[in-house]
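Note that this is a predicted model, so its numbers are computed, not measured.
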Amino acid sequence: MSKRSSKQRFLLCETLGERKASLPEVLPKESGAKKSKHQGKTQKRLIQTLFKNAHDAIALIDDRLCLVDMNIATSDLLGLSRKQLKGQVLANFITAEFACQPNSLSFPPGQSLMGELLVSSSAQNQREMEYTLIPNVLPHCHLLLLRDISQRRESMQAELRQQQQRVELFSEVTLKIRQSLQLKEILHTTVTEVQRILQADRVLIYQVLPDGTGKTISEAVLPDYPTLMDLEFPEEVFPQEYQQLYAHGRVRATADVHDPAAGLADCLVEFVDQFQIKAKLIVPIVQNLNAQSQNHLWGLLIAHQCDSVRHWVDFELELMQQLADQISIALSQAQLLERLEEVVADRTAELQEEINVRMQAEAALRQSEEQLRLITNALPVLIAYVDDQQQYRFNNQAYQDWLGQSPKEIYGSHLQQVWGEDCYQRMQVYVKTALSGQAVNYENDILLKDGSWRSVDVTYIPDVDDQNTVKGFFALSSDISDRKAIERMKDEFISVISHELRTPLTSLHSALKILATGRLGTLSTEGQQMLGIADDSTERLVRLVNNVLDLQRIESGKVIMECQACNAANLMIQAAEAMQAMAQQHEITLVKQPQDISVWADADYILQALTNLISNAIKFSSPGGTVWLTVEQEQGSQNLPKELVFRVRDEGQGIPADQLERIFEKFQQVDSSDSRKKGGTGLGLTICRKIIEQHNGRIWAESTPGSGSTFAFTLPTLECVNISWRVSYEYEADFNY
């Protein structure tokens, strides 16, 4: 339908609307009847005028949807005369929602109905129409305007089909280009497919060389025309100013090379004539090497028509431009692939060298490991490496000899799987200490494969990396059963002797005390001196016998620690008060720093340990010195819970570093002569260690020669014990469940 018809239709709707709105104002003083009659006549004249002049189909319908009147265009559309159409139901000819209403039309207030419908003529021909239904243009009459949109729909569908074909063709070419990373194959595919799509006589890709000349590097041409493949073109054919224009994205479509309006130079026309070129289409292939540089003209995608002139359409220009962009992407990919292949080749050589070095290192490592295994397998001790998950990563042959499990069976197994529940419970606290980064040495009893028990001395050495992270620990276990048997024999002998000596020594000590009082007579000065020496020696022997008996009872398991909640401050105060007399005798100042913290311990034995440590500190301090007694709550490590740490620090002569561990062994003293002079027995620290270990604590010494010593031991807090009980209870409940 023409623009004129559309305009008439718009003016019709607008005029009717204006007339309906203005009529009440035109005759404000007329009576209702006259006004209505005048308005009706005016509307009828307007509609008659429209019927005569409108090109679109126009009809009047009543409230029952029957045709009242129509113009000639409506008669032509429906295939019947006006006389035949009048009075017929509109639904006989159109398919629309409003036409399906049973009795009368319903309109939104103050609005017209607009939309699309199908019209069927008497010849059963259907057309798509656009309609506008204006209500009440006359009393009980409505105006229906119909406009044929079939041709417009067909044009739109044809355009859509063309666009779809264009997209499909472009997608097909693009897919073929992207299926290969080989530039030569990509260029050949491009020219072949473009020639097929455009039905051109020749399609070629022209590469611009750095010196300004160029040559054809890919071509698809019909057999009737000469090939331009590998033909080099002089710079005059493609001057520098042309190259700059194409580098900025210039596209040139020439329908007739001989047309003066084409603007081709005479020399260029002569050049193309020798190849029978009548029309040509040139699209640049531009590369953007990086964000900072300008576009680089790599070449041209060219289509030639040789049999006749050709007017190139927009679709063909757009297709060529899009394909040129795809070629540009393919060029970048090909260049990237080439650089990538170079990098891969270089990296492959480097990797091969690294592999060779690694293979040599692995061979040396295997040889070293084999030598290490031969050495460790020859040793009569258990040697292993355990990771931070408590799993075995290395163990020697002695494990199979002792436990009956081969290294392959043990590898990757957890400590609990190898040693069993009971043994693992005894070693668990030491394993956690080792994994916290501290070296551990302790004794344990293990069950061998033949059912016999062995006593072993166990040492854990943490494996710490450069970031101070514990990766695991080395475990060394040596058989000390013979030594323990000898020690038991020695302990039993000492115990028997001590029991036999205790009674006569007690009597002798009492008798010497009575003599010292002078009740049995007065001794000479020399006799008094001899009596004092005898009394001191007897008292030392009594202490020695008592310490031996105490140690024997603890080691034999006859002593049961009756732990309960104790106050750390009370323990410190009681220990300090018990040793105050000795401190005053040696002119030593006792400084205590108590803290009100609950601890889980046997108060009597902890007091014995504290008084032993304070006694040693007083005896080995110079007159006028100070002994400090402190307690504080500390976090042991990431894997250990909070614990209470008691410390006794003096200002004595100190202990050499190589003696810090040995002083806790039986009868071991730093300076025996000095210890005898000060009355030491060599068992006090051993008893302290046994007491603290019975409380699941640790004891150690720190010292700098000449600057005093510090003896420290740990005890579990009441909070820690409660947590352990709760975890144990929950574990047992889950297990029983």
(message) Evaluate E350 against R347 for salt bridge (Lys or Arg N to Asp or Glu O under 4.0 Å), listing each step before the verdict.
(response) CA-CA 5 Å; E350 294 176 1; R347 183 56 182 159; 3.0 Å; yes
(request) Take K471 and D465 through the test salt bridge (Lys or Arg N to Asp or Glu O under 4.0 Å) and record every step on the way to the result. (result) CA-CA 7 Å; K471 299 164 58 180; D465 61 14; 5.7 Å; no
(request) For salt bridge (Lys or Arg N to Asp or Glu O under 4.0 Å), just list the numbers for R647 and E702, CA-CA rounded to whole Å, side-chain angles, deciding distance to a tenth of an Å, and then say yes or no. (result) CA-CA 10 Å; R647 287 185 174 86; E702 302 169 351; 5.2 Å; no
(request) Go through H414 and Y424 one step at a time and tell me if the ring pair (Phe, Tyr, Trp, His ring centres under 6.0 Å) criterion holds. (result) CA-CA 10 Å; H414 194 273; Y424 178 71; 5.7 Å; yes
(request) Decide ring pair (Phe, Tyr, Trp, His ring centres under 6.0 Å) for Y411 and Y392; before the verdict, give the C-alpha distance in whole Å, the side-chain angles of both, and the deciding distance to 0.1 Å. (result) CA-CA 5 Å; Y411 183 84; Y392 279 96; 9.6 Å; no
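I186 CD1 to I327 CD1: the interatomic distance, rounded to the nearest 0.5 Å, is 9.0 Å. Going from atom CG of D457 over to atom CZ of R483 covers 6.0 Å, rounded to the nearest 0.5 Å. With rounding to the nearest 0.5 Å, the separation of CD1 in I205 from CG in L228 is 13.0 Å. Note: W453 CH2 to N444 CG = 8.5 Å, rounded to the nearest 0.5 Å. Put simply, CD on Q390 and CD on Q428 are 7.0 Å apart, with the number rounded to the nearest 0.5 Å. Taking OG1 of T710 as the start and CH2 of W700 as the end, the distance is 10.5 Å to the nearest 0.5 Å.
Side-chain contact, E318 with Q322: no donor N or O sits under 3.5 Å from an acceptor N or O. Residues N356 and Q360 have side chains that never bring a donor and an acceptor to within less than 3.5 angstrom of each other. Checked by atom type, the side-chain pair Q305/D307 shows a donor-acceptor distance below 3.5 Å. A donor atom on one side chain and an acceptor atom on the other are found under 3.5 Å apart for Q400 and Q397. When only modelled atom types and interatomic distance are considered, E443 and S455 share no side-chain donor-acceptor pair under 3.5 Å.
A ring-centre distance under 6.0 Å is found for Y460 and Y442.
At a threshold of 4.0 Å, the pair E193-R196 counts as salt-bridged, since one of the basic side-chain nitrogens sits closer than that to a carboxylate oxygen.
Closest approach of A255 and V309 over heavy atoms only: O-CB, 3.2 Å. Nearest heavy-atom pair, W312 versus T254, reported as atom, atom and distance to 0.1 Å: NE1-O, 3.2 Å. Summarising the geometry of R252 relative to L264, their closest heavy-atom pair is NH2-CD2, 3.5 Å, with the distance given to 0.1 Å.
Relative to the ring axis of F713, R698 does not place its NZ or CZ within 45° and under 6.0 Å from the centre.
The local environment of CG in D224 is crowded, with over 12 non-hydrogen atoms from other residues, nucleotides or ligands closer than 6.0 Å. In this structure, N468 places its CG atom where only 12 or fewer heavy-atom neighbours from other residues, nucleotides or ligands lie under 6.0 Å away. Applying the 6.0 Å contact sphere to CE of M156 captures no more than 12 heavy atoms from other residues, nucleotides or ligands.
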